[in-house]
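Here the structure is laid out as structure tokens; the discussion comes afterwards.
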Amino acid sequence: MTTPAAERTTSTPEGPRYRYTPALAQEIELRWQDRWEERGTFHAANPSGALTGPDGANASGSPYFIMDMFPYPSGAGLHVGHPLGFIATDVVGRFRRMCGDNVLHTMGFDAFGLPAEQYAVATGEHPRGVTERNMVTYRRQLRRAGLAHDQRRSFATIDPEYVRWTQWIFLQIFDSWYDADAEPAGTDPDRRRGRARRISELRDELAAGTRPVPGHDGDNTGGAVWAALSEGERRDVLDAQRLAYVDSSPVNWCPGLGTVLANEEVTSEGRSERGNFPVFTKNLRQWKMRITAYADRLTDDLELIDWPDKVKAMQRNWIGRSHGAHVRFDVVGTSDNDAAGAGEAIEVFTTRPDTLFGATFMVVAPEHPLLDEVPAAWPDGTKSVWTGGHESPAAAVAAYRREASGKSAVERQADAGKKTGVFTGHLAVNPVTGTHVPVFTADYVLMGYGTGAIMAVPGGDERDYDFARAYDLPVVHTVAPDGGLPDGFEGAYAGEGVAINSSNDALSLDGLGVDEAKARIIAWLSENGVGQGTTTYRLNDWLFSRQRYWGEPFPVVWDEDDRPVAIPDSMLPVDLPDVPDYAPRTFEPDDVHSEPEAPLGRNEDWVNVTLDLGDGPRRYRRDTNTMPNWAGSCWYYLRYLDPTDTEHAVDPALEKYWMGPRHNATSGPAGGVDLYVGGVEHAVLHLLYARFWHKVLFDLGYVSSSEPFGRLFNQGYIQAYAYTDSRGAYVPAEEVTEETAPDGQTTYFWQGQPVNREYGKIGKSLKNVVSPDDMYEAYGADTFRLYEMSMGPLDQSRPWNTRDVVGSQRFLQRLWRNVVSEETGEVTVTDDAPDAATLRVLHRTIADVRTEMEGMRPNTAIAKLITLNNHLTGLDGVPRAAVEPLVLMTAPVAPHIAEELWEKLGHTESLAHEPFPEADEAYLVAETVTCVVQVKGKVRAKMEVAPDISEEDLQAAALAEPNVVRFLDGAGVRKVIVRAPKLVNIVPA
RNA sequence: GCCCCCAUAGCCCAACUGGUAGAGGCAGCCGGCUUAAACCCGGCGAAGUACGGGUUCGAAUCCCGUUGGGGGCACCA
């Protein structure tokens with residue numbers, strides 16, 4: 001049996017009275033936490049307004065804004081993995097503060113969301129009560145860790161004052177449209193065109209006739225078209241242009257959750273990220289945000305910010321910009337069934353317009369509007385495999401559409417590769433070959449990407465080839481590699497090469513490389529009015545409404561004509577109504593035919609209101625949707641700058657000071673938060689949405705930074721070992737012992753039986769949860785912090801090992817003993833000058849610790865502190881001049897013990913604002929350096945030499961080394977590589 | 001299937017970006033303190049860097065391949 005270290009330590013009440021025990025640590029920590037709070041030690045000073053520094057101090061130093069990703073206060077409380085990032089930012093913040101920066105660091109709560117709502121549903125308690133209770137627990141656990149937060153700036157997304165501004169931002173977005181041709185906002189002349197503008201400006205321009213009316217043909221010069229519209233029609237035109245808009249389109253419907261979801265919330269397996277329920281595609285009228293208008297800027301501006309390449313790549317991928325062409329294929333009205341003979345056109349998107357001559361059929365997504373009308377009978381030449389055995393195209397298409405819509409994304413996923421589809425009866429004309437090609441519908445073409453229709457080139461695309469084989473369709477190769485395709489080549493050739501089989505009377509691509517062929521055909525398409533070069537995105541507009549209770553209500557009402565009207569600022573916030581039941585109407589997870597039903601709709605008195613919105617009291621119906629959980633986290637960083645501000649969401653002067661472009665030495669051209677630390681799991685969702693909102697606010701002139709987060713850092717995860725017995729059941733990890741055999745093999749035991757060790761997540765079911773509370777109790781917060789910071793590099797995941805924590809505790813105990821007598825509690829440091837060796841170790845340590853701290857490598861910084869501390873331990877007396885800098889350098893990681901020692905050393909002020917020690921260059925130069933002498937790369941001698949020895953002297957000394965002479969064995973010297981003063985390498989002839 | 005990251009003493013991790021494989025911690029062993037043990041103090045051993053090749057005077061570090069682990073994307077036209 002292992003005895004937990006904690007028990008060993010606490011069960012020795014006999015120890016010296018003033019030893020740094022967990023009990024003493026706890027006493028010190030609680031005391032300093034109270035003092036910090038009373039003194040406002042970590043109050044960050046704004047350059048103006050009520051939020052000043054400690055004792056009313058004005059802002060001084062370089063502004064440094066540091067943040068953790070918003071925690072969600074879950075009911076389970078924290079485990080030891082959660083605070084890792086919080087401690088890391090705290091260490092950085094404390095370090096920067098000691099370097100003289102004006103550090104802004106606080107933490108609020110992302111408090112709307114599903115778990116609280118689900119708990120409320122289960123217990124009947126209002127989610128607010130549940131959430132607030134959880135926040136109390138969270139606050140206590142975080143405070144106990146000694147985090148240097150400015151509590152005045154903390155808030156929760158559910159606070160009515162915060163909701164008010166979240167709704168206000170929504171209304172700014174609602175009140176905007178995207179003018180892709182406008183001069184960019186801001187002052188950077190290189191930025192690409194396009195920005196958000198006010199809807200009223202669009203209205204004015206339409207009325208003045210300076211732009212055409214979207215969706216209405218005709219010449220609007222002088223505003224003629226606009227003038228002919230009714231007021232209702234005008235509002236429809238404007239509403240359709242808004243950045244927050246309602247429309248009906250295929251969305252992700254999750255019956256198991258009873259709500260619709262954004263694409264980003266659906267896993268690649270086609271399930272909900274929360275709850276893992278199946279998700280179906282359904283046409284529903286929902287709120288969306290026009291994030292696609294920002295697709296280019298969201299991609300391009302990644303270059304302006306200091307983020308991990310991995311996250312940038314994930315965002316680029318998600319936005320999925322690709323260049324290609326739109327091509328229009330005329331649909332043939334089959335003369336028998338369509339008297340007019342007039343077809344419509346199908347527009348496709350392709351990245352390979354150069355292969356147009358190989359387009360032998362077309363495929364549209366099952367949801368494509370072309371299928372709303374199909375020919376009554378199969379046209380001539382219809383092959384039997386195309387029809388799926390149906391009598392008519394109408395029957396075939398209807399059946400296929402039904403089948404496809406009933407398929408969950410899961411099933412779609414499972415069927416990927418298998419090609420299913422059916423002929424629609426439509427024929428279209430390939431614009432370069434003039435050939436009639438059949439139009440199929442198949443679910444491998446997605447309505448959400450491009451135009452929802454493709455030209456199929458089986459000769460150049462694997463998927464099209466698979467489909468062509470299944471449906472007996474012709475294959476034409478239009479690209480061949482050097483030396484041509486092999487005889488009898490079958491399949492798709494998607495590689496490099498030159499165009500073949502690509503000529504008609506007016507155009508020839510033959511012999512051109514892919515890039516030239518693309519350019520040529522795009523020019524031809526434009527000239528002939530059948531297409532043009534274009535860019536398309538994988539990103540879709542952000543589905544923004546949810547049919548849940550616990551979220552921000554939409555600040556919108558619907559008038560008698562069912563058009564949306566914004567609630568005026570003066571009536572914000574729109575509070576959540578009381579409802580008889582918080583639960584959304586949920587359904588059998590696979591009930592495709594269910595429809596969303598919002599809980600807010602259950603309070604009729606709330607929904608149906610009479611309001612005076614400027615033209616007298618009228619009846620309105622409130623919007624019963626709530627915003628997604630992401631809304632609150634889209635802009636919280638701005639509110640940290642002053643959550644008490646009742647005039648602005650954020651004061652522009654404060655935003656400029658803390659976040660503006662180049663607001664300090666390390667801030668980039670886009671500005672933003674100086675350091676944002678969080679897990680990589682938000683790489684796409686939160687970080688993309690927040691960037692989007694920020695850019696809208698930037699365009700509208702509310703913020704001066706064009707990006708919210710100038711630097712992003714992903715911390716790794718703390719994982720843990722879990723152990724299973726012979727039956728595969730988990731056993732309590734803390735009760736497992738290990739034995740190492742002489743051969744180095746380690747075996748693990750639980751209650752005498754061998755168990756199997758696995759590595760992974762921390763979780764209740766894995767029986768390996770350790771809570772921070774356990775650590776505070778058994779070791780104290782400083783030891784816990786120190787251990788978490790010394791485990792390894794911050795960006796790497798590593799295993800928790802309670803057994804190892806004692807090492808961190810010993811360091812602090814030794815530090816304590818270097819200052820304080822364990823027997824008497826007296827300070828024992830001497831005022832004697834440190835000896836030369838101590839000074840060298842001290843200044844070397846200072847220099848190294850600074851470097852490591854600046855590089856966010858607390859693990860190596862701590863190692864160096866331990867080295868210095870161990871050196872001091874070996875001295876007869878510990879000089880004050882050596883231990884005081886050590887205490888200061890330890891403070892960012894173990895702040896409570898450092899404050900206590902600092903005070904014992906006679907200082908009356910907190911060390912939080914004390915300057916971080918600076919190394920004296922004079923002590924950084926070693927007296928001698930060990931020089932390694934290699935012969936043919938192998939170490940053959942070592943010499944103690946002066947650090948500034950010349951290359952010539954060093955080489956001469958090396959060649960004279962007896963061992964070198966012996967290994968050269970009379971052979972001549974071919975070459976000598978000298979890297980003074982540390983290395984000489986001699987290459988024998 | 002495609003892309004990215006990682007692999008160093010029994011364990012967690014360092015190694016100035018090509019220059020003595022070891023900073024620190026855990027565990028282990030020896031000694032001191034102790035009536036004894038724990039704590040504490042002092043000391044010690046241990047890997048040649050997953051594997052195979054290559055470049056170089058010199059490779060943990062760069063290149064190629066293999067194995068193992070982690071992550072992202074996945075009918076995106």
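Here is how names work: the chains are called A, B, and so on, in the same order as the sequence lines, proteins then strands, and each is numbered from 1. A quick note: this is a predicted structure, and the numbers were derived from the prediction, not measured.
- The number of heavy atoms from other shown groups lying within 6.0 Å of CZ (A/R469) does not exceed 12.
- A/Y20 places its OH atom 19 Å from the P atom of B/rC39, with the value rounded to the nearest Å.
- Across the protein-nucleic acid pair, A/Y717 atom OH and B/rC6 atom C1' stand 16 Å apart, rounded to whole Å.
- With P as the reference atom, B/rU56 and B/rG42 are 49 Å apart, rounded to whole Å.
- To the nearest angstrom, C1' of B/rG42 lies 17 Å from CG of A/L872.
- In the set B/rC39, B/rA77, B/rG42, B/rA77 carries the atom at the smallest distance from any side-chain atom of A/V445.
- As rounded to the nearest Å, B/rG1 and B/rC12 have P atoms that lie 30 Å from one another.
- A/E347 and A/T451 share no donor-acceptor pair across their side chains, judged by distance under 3.5 Å alone.
- Spacing of P atoms, B/rC6 relative to B/rC16, comes out at 15 Å, to the nearest Å.
- For A/F784, the ring-ring contact (aromatic ring centres under 6.0 Å, His included) criterion is met by A/Y776, not counting sequence neighbours.
- The same atom, P, is picked in B/rG10 and in B/rA50; the two are 13 Å apart, to the nearest Å.
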Exercise for the section: Report the C-alpha separation of A/T441 and A/H368 in whole Å, then their side-chain angles, then the decisive distance to 0.1 Å, and conclude whether the side-chain hydrogen bond (donor to acceptor under 3.5 Å, both in side chains) test is met. Expected result: CA-CA 9 Å; A/T441 181; A/H368 198 280; over 6 Å; no

Heavy-atom contacts, protein to nucleotides 19-25 of chain B, under 4.0 Å, summarised as B (base), S (sugar-phosphate only) or - (none) per nt, yield BB--BSS

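- Using a 4.0 Å heavy-atom criterion, one finds that A/R817 contacts the sugar-phosphate atoms exclusively.
- Here B/rG70 is in the anti range [glycosidic angle more than 90° from 0].
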Protein-nucleic acid N or O pairs under 3.5 Å, nucleotides 28-34 of chain B:
none

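- On the P atoms, B/rG22 is 12 Å away from B/rA60, given to the nearest whole Å.
- Under the Watson-Crick or G-U wobble criterion, with both distances below 3.5 Å, B/rG48 is left unpaired in every strand shown.
- A donor-acceptor contact under 3.5 Å is formed by the side chain of A/K419 with the base of B/rC75.
- Looking at A/N869 and A/N818, their side chains do bring a donor and an acceptor atom within 3.5 Å of each other.
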Given ring pair (Phe, Tyr, Trp, His ring centres under 6.0 Å), test A/F361 with A/Y471 step by step and report yes or no.
-> CA-CA 11 Å; A/F361 61 102; A/Y471 291 91; 8.6 Å; no

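- Rounded to a whole angstrom, the distance from the C1' atom of B/rU8 to that of B/rA15 is 10 Å.
- Nearest-nucleotide assignment on RNA chain B puts the 5′-proximal partner with A/S797, out of A/S797 and A/G450.
- To the nearest angstrom, P of B/rC40 lies 13 Å from CG of A/L812.
- Around atom CD of A/E921, no more than 12 heavy atoms belonging to other residues, nucleotides or ligands sit under 6.0 Å away.
- Pairing for B/rA7 goes to B/rU67, judged as Watson-Crick or G-U wobble with the two contacts each under 3.5 Å.
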**OP:** Go through the steps for A/Y717 and A/W800 under the test ring pair (Phe, Tyr, Trp, His ring centres under 6.0 Å), then give the verdict.
**Re:** CA-CA 10 Å; A/Y717 299 104; A/W800 176 267; over 10 Å; no

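- As the counterpart of B/rA21, no nucleotide is assigned, since no Watson-Crick or G-U wobble pattern has both distances under 3.5 Å.
- By the 4.5 Å heavy-atom criterion applied to side chains, A/R940 and A/I986 are not counted as neighbours.
- Taking atom CG on A/D848 and atom C1' on B/rA15, their separation rounds to 13 Å, with Å as the unit.
- One atom, CE of A/M314, and another, C1' of B/rC3, lie 12 Å apart when rounded to the nearest Å.
- Comparing B/rC11, B/rA77, B/rC40 against the side chain of A/Q813 picks out B/rC40 as the nearest.
- Only the P atoms considered, B/rU17 is 23 Å distant from B/rC13, to the nearest whole Å.
- In this structure, A/R352 atom CZ and B/rA77 atom P are separated by 11 Å, rounded to whole Å.
- Nearest-nucleotide positions on RNA chain B place A/V805 closer to the 5' end than the other of A/V805 and A/T351.
- In this structure, A/R538 is positioned above the aromatic face of A/W318, its NZ or CZ under 6.0 Å from the six-membered ring centre and within 45° of the axis.
- Considering only heavy atoms from C-beta on, A/T867 stays 4.5 Å or farther from A/H871 through its side chain.
- Between the side chains of A/D464 and A/Y444, at least one donor-acceptor pair of N or O atoms lies under 3.5 Å.
- Side-chain atoms of A/P793 lie closest to B/rC13 of the nucleotides B/rC13, B/rC75, B/rA77.
- Nucleic acid contact for A/Q796: sugar-phosphate only, since backbone atoms but no base atoms lie under 4.0 Å from a heavy atom of the residue.
- Atom pair A/K518:NZ and B/rA77:P shows a separation of 10 Å (rounding to whole Å applied).
- B/rA14 and B/rA9 are spaced 13 Å apart, taking the P atom of each and rounding to whole Å.
- Base-pair partner of B/rG1: B/rC73 (Watson-Crick or G-U wobble, both distances under 3.5 Å).
- Nucleotide B/rU66 is shown with an anti base, its glycosidic torsion being more than 90° from 0.
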